[in-house]
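Since the model is a prediction, treat every value here as computed from it, not as a measurement.
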Protein chains: 2
Amino acid sequence: MPLPSFNAPNLGVTPTASEVITKHLREAIIGGHFDEDEPIRQDDVARLFNVSKIPVREALKRLEAEGLVVFQRNKGAVVTRISEPELAQIFEVRVLLEVQAIRLAVPNMTEETFAQAERICQAFVGETDIGHWAELNWALHACLYEPAKRPFLINLIRSIHDKVERYLRMQMSLSAGKDRADHEHREILEACRAGDADKAAMLIEQHIIGVCRTLYEHLPNRLTPN
Amino acid sequence: MPLPSFNAPNLGVTPTASEVITKHLREAIIGGHFDEDEPIRQDDVARLFNVSKIPVREALKRLEAEGLVVFQRNKGAVVTRISEPELAQIFEVRVLLEVQAIRLAVPNMTEETFAQAERICQAFVGETDIGHWAELNWALHACLYEPAKRPFLINLIRSIHDKVERYLRMQMSLSAGKDRADHEHREILEACRAGDADKAAMLIEQHIIGVCRTLYEHLPNRLTPN
DNA sequence: AGGACACGCCTCGTATACAATATCTGCACT
DNA sequence: AGTGCAGATATTGTATACGAGGCGTGTCCT
């Protein structure tokens, strides 16, 4: 008998210290609580969590692989600064991946999907905290892509999303960024409801490109030296 | 004066133990020197490199983030097994990204590019070691994508490549995998020479899909239990 | 004033040590 | 034979300890 898969509570996945720290540090970096190029002092973090440096270092190594920090020999880890050309490349890839995701997802969407997306949109307009905006923003994207049933693709999108979320927050707090995002989200949702994958794809593309553009316009011009 | 950027040897990047170990472990995993699901004993690796467990663990944490190993609480790291559905998804994403890369690259290719690609193709046919095949295979792809001037995209492709390289080796050693790869590579190169980005893109797509297909046909059927 | 060196402090990278957990083994019991 | 339990052993995850390299400051020399 192949053991009827009742959902057992998957014992033995109590997180280790290094995992907890990874999660919190990641969120802190994504949330913009560190300045770019700011070094992360291992001892400080260790004291903060009441642990030794070892799990902190392991967490930082993970985040290094995720591209959120960079180690400099004997100087420790600093939060990565994303150059403008790189930012453009990241958005270019986002377009590619997210367009594909929505294309695959639209045919599989159900009333449940729309209801969930609707809820997130509602919450979005009522939310005042920037951090929560960003969370809801991602939640909506994830909700729309989930029916594609492509966990690998969606994880990839998320990891890329994580890298630029700091900037997305900037963009949403800037100008009428939030209203515009809300408006565009609803348009996308409508296209999905209509089952129009092409239109949804096109709107997602415009949405992402638009965010990238306003970002560029409002970024402190970091290319000028001195 | 903005200091004429002569390429200084970037001192202060002498690799740490954990970096060296990361590199070697990664290559070992990619090269298929570990079986899937095989646990990696920290002490063993440490002894091998004549160090303590600490840098080994840090290396493993990096590789975990790269998706090459998975940690299980109190049981350490095991080499990740890629399920068939996930494999399919990975190849789907590869198509998307590599098609984009070649599209962007073709217009920027120079004689230098073609000469380099030609050299790699030559080396490929003369090579008998499977590990070197795989290296040259990647070298060729990288060479063709490089003119796109999209380091972010190319790094992404490489990290995905790394995840499946074990399987690519299988495929190339199987059947007439290598000859076929060589043939297809040359076709792609021809299209690039002709400046026909659409055709190159199409060939890349077929190439990747073809590899995926033969892989599926020859994989030990891992879905049947008992 | 400016450069060369010495000293001290801070932080990193890693070795060693140890408790907690998993895994193995043998033995008693049925 | 199969189950349950008690050590013994192996392996992990983390704390502590320490050497080595960066970096600031002061002092000396010219």
Side-chain angles (χ1 to χ4, degrees), chain A residues 1 3 8-26 28-29 33-66 68-80, chain B residues 1 8-26 28-29 34-66 68-81 226:
Chain A
M1 191 181 68
L3 188 40
N10 199 354
L11 219 46
V13 286
T14 348
T16 68
S18 114
E19 282 161 3
V20 174
I21 295 169
T22 304
K23 189 154 158 268
H24 283 251
L25 274 184
R26 186 192 293 121
I29 295 171
H33 292 73
F34 292 95
D35 290 337
E36 293 178 330
D37 291 337
E38 178 177 350
I40 300 183
R41 298 285 155 225
Q42 302 173 358
D43 291 341
D44 292 352
V45 179
R47 261 193 301 279
L48 205 57
F49 288 90
N50 254 309
V51 295
S52 76
K53 290 186 313 184
I54 306 290
V56 176
R57 286 182 55 82
E58 290 179 2
L60 288 172
K61 283 292 177 183
R62 273 218 56 147
L63 297 178
E64 183 186 26
E66 293 176 17
L68 294 176
V69 304
V70 183
F71 270 79
Q72 283 169 15
R73 166 96 176 181
N74 283 328
K75 294 202 235 169
V78 301
V79 177
T80 52
Chain B
M1 190 183 66
N10 200 351
L11 218 47
V13 287
T14 348
T16 67
S18 114
E19 281 161 4
V20 175
I21 295 170
T22 306
K23 187 153 160 268
H24 283 252
L25 274 184
R26 186 192 293 121
I29 295 171
F34 292 95
D35 290 337
E36 293 177 332
D37 292 337
E38 178 176 349
I40 299 183
R41 296 287 157 225
Q42 302 171 0
D43 292 348
D44 293 352
V45 179
R47 261 192 301 279
L48 205 57
F49 288 90
N50 255 308
V51 295
S52 77
K53 290 186 313 184
I54 305 289
V56 175
R57 287 181 56 81
E58 290 179 1
L60 288 172
K61 283 293 176 182
R62 273 218 56 146
L63 298 178
E64 184 186 25
E66 292 176 18
L68 294 175
V69 304
V70 183
F71 269 79
Q72 283 169 14
R73 165 98 177 179
N74 285 328
K75 295 202 237 170
V78 301
V79 177
T80 53
R81 142 173 272 152
N226 27 310

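With rounding to whole Å, A/Arg73 atom CZ is found 8 Å from C/dG13 atom C1'. For the pair B/Gln72 CD and C/dT21 P, the interatomic distance rounds to 17 Å; values are reported in whole Å. A/Lys75 has its NZ atom 12 Å from the P atom of C/dG13, to the nearest Å. Rounded to an integer number of Å, the gap from CZ of A/Phe71 to P of D/dG22 is 16 Å. If you take CD of B/Glu58 and C1' of C/dG13, they are 8 Å apart, rounded to a whole angstrom.
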Can I get a per-line list of side-chain donor-acceptor pairs under 3.5 Å for residues 51-62 of chain B, giving both atom names and the distance, sequence neighbours left out?
{"unit_1": "B/Ser52", "atom_1": "OG", "unit_2": "B/Ile54", "atom_2": "N", "d": "3.3"}
{"unit_1": "B/Arg57", "atom_1": "NE", "unit_2": "A/Glu58", "atom_2": "OE2", "d": "2.7"}
{"unit_1": "B/Arg57", "atom_1": "NH2", "unit_2": "A/Glu58", "atom_2": "OE1", "d": "3.1"}
{"unit_1": "B/Arg57", "atom_1": "NH2", "unit_2": "A/Glu58", "atom_2": "OE2", "d": "3.3"}
{"unit_1": "B/Glu58", "atom_1": "OE1", "unit_2": "A/Arg57", "atom_2": "NH2", "d": "3.1"}
{"unit_1": "B/Glu58", "atom_1": "OE2", "unit_2": "A/Arg57", "atom_2": "NE", "d": "2.6"}
{"unit_1": "B/Glu58", "atom_1": "OE2", "unit_2": "A/Arg57", "atom_2": "NH2", "d": "3.3"}
{"unit_1": "B/Lys61", "atom_1": "NZ", "unit_2": "A/Ser18", "atom_2": "OG", "d": "3.4"}
{"unit_1": "B/Arg62", "atom_1": "NH1", "unit_2": "A/Glu64", "atom_2": "OE1", "d": "3.4"}
{"unit_1": "B/Arg62", "atom_1": "NH2", "unit_2": "B/Glu66", "atom_2": "OE2", "d": "3.1"}

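Checked against ring-ring contact (aromatic ring centres under 6.0 Å, His included), B/His24 has the following partners two or more places apart in sequence or in another chain: B/Phe49. In this structure B/Asn50 satisfies the side chain to side chain donor-acceptor pair (under 3.5 Å) test with no other residue, sequence neighbours excluded. Judged as a side chain to side chain donor-acceptor pair (under 3.5 Å), and not counting sequence neighbours, A/Asp35 has no contacts. Legend: residues meeting side chain to side chain donor-acceptor pair (under 3.5 Å) with B/Asp44, ordered by chain and number and at least two apart, are B/Arg47.
Nearest-nucleotide assignment on DNA chain D puts the 5′-proximal partner with A/Ser18, out of A/Ser18 and A/Asn74.
Of the possible polar contacts, none joining the A/Thr80 side chain to the A/Val70 backbone as a donor-acceptor pair under 3.5 Å is found.
Only B/Ile40, B/Arg41, B/Gln42, B/Asp43, B/Lys53, B/Ile54, listed by number, bring a heavy atom of residues 40-56 of chain B to less than 4.0 angstrom from any atom of DNA chain D.
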